[in-house]
Each structure stands twice: as structure tokens, then as C-alpha cells.
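This report concerns only the one structure given below.
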There are 2 protein chains.
Amino acid sequence: MSRMPLEERREALVAATLAVVERDGIGGATTRAIVTEAGMPLGALHYAFASVDHLLAAAIDAVTDQERIVAEAPLATGTGADLTEVLAAGVEGYVSLLVERPARELAYLELMLHASRQRLDDGPGAGGYERSYDVLAGLLETAAATAGCVWTAPPRALARHAVAMLDGITTTWLADHDTEAAMAGARFLASALAAHATGRPTEED
Amino acid sequence: MSRMPLEERREALVAATLAVVERDGIGGATTRAIVTEAGMPLGALHYAFASVDHLLAAAIDAVTDQERIVAEAPLATGTGADLTEVLAAGVEGYVSLLVERPARELAYLELMLHASRQRLDDGPGAGGYERSYDVLAGLLETAAATAGCVWTAPPRALARHAVAMLDGITTTWLADHDTEAAMAGARFLASALAAHATGRPTEED
DNA sequence: CCTCAACTTGGACGGACGACCAAAAACCTG
DNA sequence: CAGGTTTTTGGTCGTCCGTCCAAGTTGAGG
């Protein structure tokens, strides 16, 4: 293998690990499978990481650091945009992503649970979903602005609830592949969130 | 080992499997760990099941068949029971269960994801959460009756959303161990559900 | 008591695993 | 080019895995 900075090699191994977990599940994430995926010789893994567990941990960090919930470009700011519809469109966008590439979401959940098990008896553990909460809180603010509404509850708290429901929509869809029901769940979440915002401010004038 | 009917032996192995997964995760569910947990010799497993995968599948079926969401005894039917509070109490009861025995919920999720991965490319697969939906739908009916309300959406659909949110509350709590936030999620779910019922019928007279 | 089928048991086999390491190669400094 | 350090490589070790199987044990029917 060509010479390569250590950090870059680590990132390549992390990327290969994510690909392997997406394809074969966390049980298939073995040293040999990972280095094969990365096109590296066997010894490369233990030169960059102390053990596979360390690599797994780095892969989990990479997932949590990255912005899981990719925002669909906010809907065109139609003049009379309804908050519930704006939110529903966003969540339904996530469901479309899930249906299109379920193995990716499945891999994320497997990694999350793997990390959760190690933390079972320890302290709370380094913030797991924190980044998702931040991203989603930002989206909520944007959505409210688009619809001309104001949140009556802390967006950050609402974001946590939204992340939870998104996770649940994912696990249930993975179990039964019922896309229509998942979309209904998206609308349920949207209206539940909208209940914590003022209606159109114009109604209050 | 004492003589034992085949079916009873299968059930004992399934129970041992669930115990092992709860303690060591799905990765620790090996033939030897399972038979040791069950107090059986090594060969017993392959006499009762064709392979460990078949045993795993049986364990998953056992989980889905059993009523995951144990209903807290419905709140005393106070005269002026508020639907949101009745629901919140129930969901908070589940959160208490989760906090008290997180490894159990973690094991269930691991098994569910394991089954989901095998079904990724197949058809929808045998109903996974169906039983949970049924149980929860029944609880919703009971809660509405207690509070003297009527659902304005199909309880079965609401049950699915509730199961999803419960799953999400579980995964997020497992990630950050934030019990207070999980309780807030419980109340969020309760009020979101209550929004799909008529207020107290007395108000509509 | 004998027979036979059902059941039980633990050893054995081939394979895959994580980890380690000695040698080879590449690179940098003088 | 020579010497020394870092990086790369693939072979090897001990362990554990799932599965198989050939014996051993049990208990009911004749």
C-alpha cells in the first residue's frame, strides 16, 4: 500500500467499517472483512488502531458526529405555508430516505446499540445524539420561521422528541416494511410538534 | 440431563438464549454460552434446533409473541381523570421499567434488528410488532374509557405511532441515560395521542 | 429379560477469529 | 550513498466458533 498519513488511514478504515456494517451487519465487521473492504493488508488495522473495539468506537463517533438527519431543502416558502405541512414534508423526506436505503439506517442503529451496551453500567457516556438534537432543533427553527410561527416549548426539547420518534419510525418500518404506516407516523409527529407552536401569528392579531 | 419433552427443551433453550442476549448482547449468544446458561450439554442444542439461527429465530418469535408493553394497572378511575394524564402515567410507567432494566429492552432491540437485517431483501416478513400494536390499541381503548373520551382516529393506527415513539424513547435513553428527558418524551407522546380524541364529552354537550 | 427407538452426551473437526511480530520496504537525515 | 527511523506487510499463534457424530443412556412394548 502506498504511503499514507496515519490520520487519513484511520478515516479510510472507519469508512470501510461503516460500509461493512451496512452490508453485513455488526457481526460481520471482522478485521479481515474491514481491511479487505479498505483494500489494505491485514496488519494495517492494528497499526492504526489498538484493537477492533477501538476502531468500532471511532466508527460510532464518526456516525454521531456526522449530521444523521439530512435536512431536505426547506420547502419553498409558499406564502401561506402551514407549519404542520412544512414539518410533515421534512419528516416524510426522511422516511423516503429510509425506504430507499434501509441498510444504512439499520447499520447506524446497530452501532448505536453496540455503544449503548458498553455504556450500560458506566456513566451516561459521551453525548450520543447531541449532534442530532442540534441539527433538528435548527430545522425546527427554520420551519417555524417559514410558516411564521413561534415555538411555545424549547425547540431543543422538541428536537429530542422528534429524534426519538424518527428512531421509532425507523425500527418499526424495518420490522414490517409498511411505508404507508411510516408516512402516517411522519404526519403524526408533524402535528404533534406543531401543537407546541402558536398557530399563525396573524390569527392572534 | 434428565429426560425432557422436546417442546419443553426448546422453550428452555429459548429462555436461556434471551438471558444470554440480555447479559452479553447478541454477539455473545453462542452455542456454548446458551447451553451453559440452560445447564445442558453442548449437543442438546442441535438436537432441539437445526442451527443456532433457527434458535435465534425462535427466540425472536418468543419476544414478539409475548406482550412487550406491560400495561401498568390502569389508574384508579378517578372521577375527573384527564386523558392526557392517564396516558402519561402509562407511558411513564414504561420508562420506569426501562430505567430499571435497560438490558432487557436493549436485548429486545438487538433481536429485532437482527431479524430486520435478514428480512432486508425479502418480503415484508411475518408481522413483527403486530402483537404490540394489538396490546397497545387495547390500552388506548381502556384509557379513553377511563377518561370518558372517544378516539377520533383509529386506535390501531395511534397504537402504531405509540409503539414507534416508545421504541424511540428507548433508543435515545439508552444512548444518553437522560431519564428526565425520557419522561418528558412520555408526556409529549401522551398529549400527542390525546390530541386525537374528543375532549371530555361533557364539554361537547 | 430382551429389543428397539428415542433421547442424551461430550469429544472432534475444519474454519474463522483477534492479536502479535519479525522481516521487508519506504522514507528522512546527514 | 550510508545509517536510522517509521511504516508496511503477510504469515503465524492460540482461541473459540458452529456443526457433526459415534457412542452411551433411558424407558416403553413384547
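These numbers come from a predicted model, not from an experiment. A, B, ... follow the sequence lines: proteins, then strands. Residue 1 opens every chain.
- Here the P atom of nucleotide C/dG10 and the CE atom of B/Met40 are 13 Å apart, to the nearest Å.
- Between A/Leu56 atom CG and C/dA19 atom C1' the separation is 15 Å, expressed in whole Å.
- Rounded to whole Å, atom P of C/dT8 lies 13 Å from atom CZ of B/Phe49.
- Per the geometry, CG belonging to A/Asp24 stands 14 Å off P belonging to C/dA16, to the nearest Å.
- Of the listed nucleotides (C/dA19, D/dG10, C/dT8), C/dT8 has the atom at the smallest distance from the side chain of B/Met4.
- Look at B/His46 and you'll find a side-chain N or O under 4.0 angstrom from OP1 or OP2 of D/dT19.
- Atom CZ in B/Arg9 sits about 13 Å away from atom C1' in D/dT26, given to the nearest Å.
- Between B/Leu45 atom CG and D/dC17 atom C1' there is a gap of 13 Å when expressed in whole angstrom units.
- What you find for A/Leu109 and A/Thr171 is that their closest heavy atoms are CD1-CG2, 3.8 Å.
- If you measure from atom CZ of A/Arg32 to atom C1' of D/dC13, you get 11 Å, rounded to the nearest angstrom.
- With A/Tyr108 as reference, A/Arg104 is the one residue of A/Glu110, A/Arg104, A/Glu105 to meet the side chain to side chain donor-acceptor pair (under 3.5 Å) rule.
- Here C/dC7 presents its C1' atom at 14 Å from CD of B/Glu8, a figure rounded to the nearest Å.
- The side chain of B/Thr31 places no N or O atom within less than 4.0 Å of a non-bridging phosphate oxygen (OP1 or OP2) of D/dC17.
- When distances run from any side-chain atom of B/Val52 to the nucleotides D/dG18, C/dT8, C/dG10, the shortest one goes to D/dG18.
- Of all the heavy atoms in B/Ile26 and B/Val21, the pair that sits closest is N-CG1, 4.1 Å.
- Residue pairs that meet the side chain to side chain donor-acceptor pair (under 3.5 Å) test with at least one member in residues 28-46 of chain A, sequence neighbours left out, are A/Arg23-A/Glu37.
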Q: Could you go through the salt bridge (Lys or Arg N to Asp or Glu O under 4.0 Å) check for A/Glu130 and A/Arg156 one step at a time?
A: CA-CA 10 Å; A/Glu130 296 302 320; A/Arg156 171 110 185 157; 2.5 Å; yes
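- Taking only side-chain atoms of A/Tyr47, from C-beta outward, the nucleotide of D/dG18, C/dC17, D/dT6 with the closest atom is D/dT6.
- Residue whose closest nucleotide on DNA chain C sits further toward the 5' end, between A/Leu42 and B/Leu42: B/Leu42.
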